[in-house]
Amino acid sequence: MESEFDRKVAPLLNREPRYSKDAYAFVAEAVSFSVANLPVRGHVSASELLDGIRAFAHSKFGAVSREVLISWGLEKEDDVGNVVYLLISVDLLSESEDDSQEEFNTGCDLYPKAPVIRSVRRKGDDLPHIDE
């Protein structure tokens with residue numbers, strides 16, 4: 001039997017195919033996670049949600065969080081805003097009058113690339129060099 005979530009997300013998969021079904025499910029779960037982890041229960045802002053998504057991803061996927069999110073189409077903070085507002089459009093999330101999709105439009109990576117630690121030491125270095 002098809003769940004309400006599956007029924008409501010199906011048209012979104014056709015309308016916006018760059019995001020996988022997992023991306024929609026993950027963002028919906030991350031909203032609940034973010035709200036539950038606020039110091040005071042209430043509305044979650046775009047920046048709080050973005051922080052919550054990163055924390056939720058790290059708790060679920062650890063070191064491969066960035067790769068998992070990118071594989072689902074969630075590469076930029078803008079992508080989260082798109083998914084949030086698509087979920088709002090099918091009544092799986094709600095918005096307050098203070099909300100705006102533009103708050104997500106930062107152009108920044110959702111999960112910044114981690115620096116690469118090289119194991120080769122340079123003469124005189126006490127620690128591995130970190131490439132950015």
Determine yes or no for a side-chain-to-main-chain donor-acceptor pair under 3.5 angstrom, with Asp79 supplying the side chain and Glu75 the backbone.
yes
In short, Leu12 meets Arg15 closest at the heavy-atom pair CD2-NH2, 3.0 Å
Is there a donor-acceptor pair under 3.5 Å between the side chain of Glu48 and the backbone N or O of Ser45?
yes
As an exercise, state the distance from CZ of Phe26 to CZ of Phe61, rounded to the nearest 0.5 Å.
6.0 Å
Under the 3.5 angstrom rule, does the side chain of Arg66 hit a backbone N or O of Tyr111 as a donor-acceptor pair?
yes
Value for CD1 (Ile88) from CG (Leu93), rounded to nearest 0.5 Å, stands at 6.0 Å
Give the minimum heavy-atom separation between Ala28 and Phe5, together with the two atoms involved.
CB-CE1, 4.4 Å
Could you tell me whether Asp109 and Lys76 have a side-chain N and a carboxylate O separated by less than 4.0 Å?
yes
Sequence-distant partners of Leu13, side-chain contact (heavy atoms from CB on, under 4.5 Å), two or more places apart
Val9, Lys21, Tyr24
What pair of heavy atoms forms the shortest contact from Asp91 to Lys8, and how long is it?
O-NZ, 3.7 Å
Shortest non-hydrogen contact between Leu69 and Ala57, atoms and distance:
CD1-CB, 3.9 Å
Please determine which of Leu87, Leu49, Leu92 meets the side-chain contact (heavy atoms from CB on, under 4.5 Å) test together with Val31.
Leu49
Measure from the side-chain N and O atoms of Arg54 to the backbone N and O of Leu110, and report whether any donor-acceptor pair falls under 3.5 Å.
yes
If you compare all heavy atoms of Ile53 against all heavy atoms of Ser34, which two are closest, and at what distance to 0.1 Å?
N-OG, 4.1 Å
Quick check for you: to the nearest 0.5 Å, what is the distance between Ser65 atom OG and His58 atom NE2?
6.5 Å
Please check if the side chain of Asp99 supplies one atom and the backbone of Ser96 the other of a donor-acceptor pair under 3.5 Å.
yes
Starting at CG of Asp6, measure out to OG of Ser3 and round the result to the nearest 0.5 Å.
3.5 Å
Do the side chains of Val90 and Tyr85 join up, straight or via other hydrophobic residues, at under 4.5 Å, putting them in one cluster?
yes
Can you confirm whether or not the ring centre of Trp72 sits under 6.0 Å from the ring centre of Tyr19?
no
Taking Ile70 as the starting point, is it possible to reach Val68 by hopping between hydrophobic residues whose side chains are less than 4.5 Å apart?
no
Between Gln101 and Asp78, does any side-chain donor sit less than 3.5 Å from a side-chain acceptor?
no
